[in-house]
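See below for the structure under consideration.
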Protein chains: 2
Amino acid sequence: MTLKEDPFKANFDSLEEFADRISDLLQCPITIEDANHRLIAYSAHDDYTDPARTATIISRRVPEKVINSLWKKGVIPALLSSEEPLRIDTISEVGLGNRVAVSIWKNNEVIGFIWALETERTLSKEDMELLKKAAKAAKNKVLQLYMRKNKREERVQEFFWKLLTGHIKTNEEIKENFDMMQIPTASLFSVFVFRFASDITNDLEKQISYVLQTTQQIQVLLYTVDRNDFILLAAPKSPNQPLYEFNQFIASFATKMKERFHINSIQSSFGGIYETFEHIEKSYKEALTVLSMKEKFPEQTSSIYGYQQLGMYQFFDLLLEKKRQGEFTNSSLAKLQAYDDKHHTNLIETFESFFDHDSNVNETAKALNIHPNTLAYRLKRIAEIGEIDLHDINQKVKLYIDIKLAKYEALH
Amino acid sequence: MTLKEDPFKANFDSLEEFADRISDLLQCPITIEDANHRLIAYSAHDDYTDPARTATIISRRVPEKVINSLWKKGVIPALLSSEEPLRIDTISEVGLGNRVAVSIWKNNEVIGFIWALETERTLSKEDMELLKKAAKAAKNKVLQLYMRKNKREERVQEFFWKLLTGHIKTNEEIKENFDMMQIPTASLFSVFVFRFASDITNDLEKQISYVLQTTQQIQVLLYTVDRNDFILLAAPKSPNQPLYEFNQFIASFATKMKERFHINSIQSSFGGIYETFEHIEKSYKEALTVLSMKEKFPEQTSSIYGYQQLGMYQFFDLLLEKKRQGEFTNSSLAKLQAYDDKHHTNLIETFESFFDHDSNVNETAKALNIHPNTLAYRLKRIAEIGEIDLHDINQKVKLYIDIKLAKYEALH
DNA sequence: ATTAGTTTTGTGGAAATCCACAAAACAATG
DNA sequence: CATTGTTTTGTGGATTTCCACAAAACTAAT
């Protein structure tokens, strides 16, 4: 095979050099990414590049909206299932001009992509063939990067577990490690847990990792896997609305996993949002608490992900313990329960739902499929039978908590 | 002194005999009571007696409404301050006909009363003198009764303390003791604690005891004193509305102590209402909890006496403990607090009051002396600053509890 | 099947709450 | 002292809630 037949036979010092070589041959700007769409290398001395490429180079990763759009158009799935180069037409919404892409393979796995922008000229069939060869030639270089990353990854994982289990106590020590491993630090962070239906396989881990790496809604600091839990330390992009950002992230994570990999039924949560790293263990535990509560109160907590949002459920374990010791007997609840049992009524459920719906008569009636007047009548009955004053928030809160607690106890 | 001059010089086997003797001499029905208006003896073979006397004999105590009325008219205070016989005109509301009364004294203390009904005839001045002598002669007999009672009282007190401190465990053993000491048992009961401003003196104890003995709103089973606490085991008259009865009793106890003995500022409470005697210790502890909560949350708990009514405050000690361990951090509260501190606003107080008033805008505005619109504005601000959803009852309850808890912690 | 008691649904008008907007008061700042 | 941002008060009208009463449906027991 002559150099003309395989122009990438030569050795290259760096991937940058390699990118320049392709660029020279094809006469168009070249970008090389890893499997997670992080920039590995790009050709220099290009006259024109489209906004998407510029943004990619600046932030050293492909912008999320571009990735999203490529998924939606089916580009990435196609690249992941074939070694053939693929032409992508302009997607002007995300600043993407015409281009050709090819995936870089190692065994049966995609480990990167090469992009060629068709700014000045359109690639011919031969050019496409050349690009395919380039992808094959790039394999080893990209793989080396991967290996190095993996080794580092192992050390980082060990460190993360130490943090999660509270084996590193002082903030200085933690910061030192962060610096040493070149993990970015953040002023605010929280631990996320994504619980999958079954144990997380290597493939699944890669897919999750892919979604995380390409998500730019949050800043990923560290992550690891524990059986069917995917554990993540992450920081918000801006410190103003961390809660909102985190919730957004969880929602989009779920939809992405579903749309792209057909994985549903992920239970997600995150712990408290803290400023100092000593609280990582705490945040992790809190995230686990949220998951356990979501299991026990699916309806109530369906839209709750953060420990903050867990509200009063935060101390249910504590209360349950005392309840078990026979502490909090509630005669109102006992009376209502007795009445419900005897007359097959739903007074307790009615009260619970009413309180759940912020004491809004109409909403509650709708939720229970009853007439608002029926609700009013039942409430009057509840006050009579349970001997409670429905204007006394204290009694109401107590009854509400006791109802939830009884449910919780039944499930536990 | 001849028998004619002092016709009571002779010995009498019983107080009944003594009552008959007075009755013979004065030609009218005679009733002898102890200091607590319990019937000690009464003359037989009387043709006519008024309804008040009949009721007294039947129930072996003067009906409460009669006592109340006698206090109101100033009769009892007069009898307690003078040895002279006193004529009382008909009080038809309570079925009391014309009569003459005299108190029985021992040293400087009244230990009983003699009542002479003027059914057939009106007593002359000489008759009144005779009655006074009778009162003097009755002293020793009545005193003997007292002594016997006191001895029994001591044993009973010891027993009660064992119950309060949980030193008698089994229900059978407790019942046995109750029977042995001839204390009436009841199907429902609770422990009351009345806390006075200073240590309870002998005099005060007698006054309290007097009010208790003459109260017929509840059934007094046992009582004792612990420094400035008066501890009482009592049962409701009927098992239907124990809560209501107990609350009524506490209110009337307070007014009576105030009106009759000018003692205000009694803190009252009662524990859980139970059916089996093993729970006496628990009920006592609960009553103490109520008092401690009343001390810490005077406004919120001013109309609360029963442990039941304490509602969510029941588990505040528990929560505080966890809070101390740094468990429940509430970033919403923290943010609101920071804002309040910086801008000298009252967001937290506003929210607290709003929740206290069952989310009623008008009431809250009135309580805070602000315009309802101001309240609406503040609530909007609270939602923004604290990042909480004011339609989410869970978050609201949590914030509310955290606010109260912070107050509680500050006080403790 | 009848009946008494309880529960649910329907109706209409009084009362209250909610909402958007404007105006005024206030505090902090340079 | 003028400016700026925040907070409070005022107003009018749309909307919702509340309440009392009547009617209908349902349940359990005779």
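Throughout, protein chains are lettered first and strands after them, A, B, ... in sequence-line order, and every chain is numbered starting at 1.
- Atom P of nucleotide D:dT17 and atom CG of B:N360 are separated by 14 Å, given to the nearest angstrom.
- For A:N373 and D:dT17, a side-chain-to-base donor-acceptor distance below 3.5 Å is absent, hydrogens and geometry of angles not being considered.
- Summarising the local packing, CD of A:E275 is surrounded by 12 or fewer heavy atoms from other residues, nucleotides or ligands at distances under 6.0 Å.
- Heavy atoms of A:N369 sit nowhere under 4.0 angstrom from any nucleic acid atom.
- Between B:F354 and B:F351, the ring centre distance reaches or exceeds 6.0 Å.
- Closest to the side chain of A:V361, from the set D:dC18, C:dT6, C:dA28, is D:dC18.
- Regarding contacts with the backbone of D:dT16, every side-chain N or O of A:N362 stays at 4.0 angstrom or more from both OP1 and OP2.
- A:K396 and A:D389 are not joined by a salt bridge, as no carboxylate oxygen comes within less than 4.0 angstrom of a charged side-chain nitrogen.
- An OP1 or OP2 oxygen of D:dG10 is reached within less than 4.0 angstrom by a side-chain nitrogen or oxygen of B:H371.
- Position along DNA chain C of the nearest nucleotide to B:H344 versus B:E363 favours B:E363 as the more 5'-ward residue.
- At whole-Å resolution of the value, NZ in B:K380 and P in C:dC19 are 8 Å apart.
- Applying the 3.5 Å distance criterion, the base of D:dT7 shares no donor-acceptor pair with the side chain of B:N346.
- Side-chain N/O atoms of A:R381 include none lying less than 4.0 angstrom from OP1 or OP2 on C:dT6.
- Here D:dC21 presents its P atom at 16 Å from OH of A:Y377, a figure rounded to the nearest Å.
- Considering only side-chain N and O atoms, B:R378 lies nowhere under 4.0 angstrom from the phosphate OP1 or OP2 of D:dT7.
- Here D:dC19 presents its C1' atom at 14 Å from CG of A:L379, a figure rounded to the nearest Å.
- Using a 3.5 Å distance cut-off with no hydrogens or angles, the side chains of B:D340 and B:T345 do pair a donor with an acceptor.
- A:D340 has its CG atom 16 Å from the C1' atom of D:dT27, to the nearest Å.
- At the phosphate of D:dT6, neither OP1 nor OP2 sits under 4.0 Å from any side-chain N or O atom of B:Y339.
- For the pair B:H343 NE2 and C:dC26 C1', the computed distance is 13 Å after rounding to whole Å.
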Decide side-chain hydrogen bond (donor to acceptor under 3.5 Å, both in side chains) for B:Q219 and B:K237; before the verdict, give the C-alpha distance in whole Å, the side-chain angles of both, and the deciding distance to 0.1 Å.
-> CA-CA 6 Å; B:Q219 190 186 359; B:K237 285 268 151 186; over 6 Å; no

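- The NZ-P distance, from A:K342 to D:dT27, rounds to 17 Å in whole Å.
- Taking atom CG on A:L390 and atom C1' on D:dT17, their separation rounds to 16 Å, with Å as the unit.
- Residue A:T374 places no side-chain N or O under 4.0 Å from the OP1 or OP2 atom of C:dT7.
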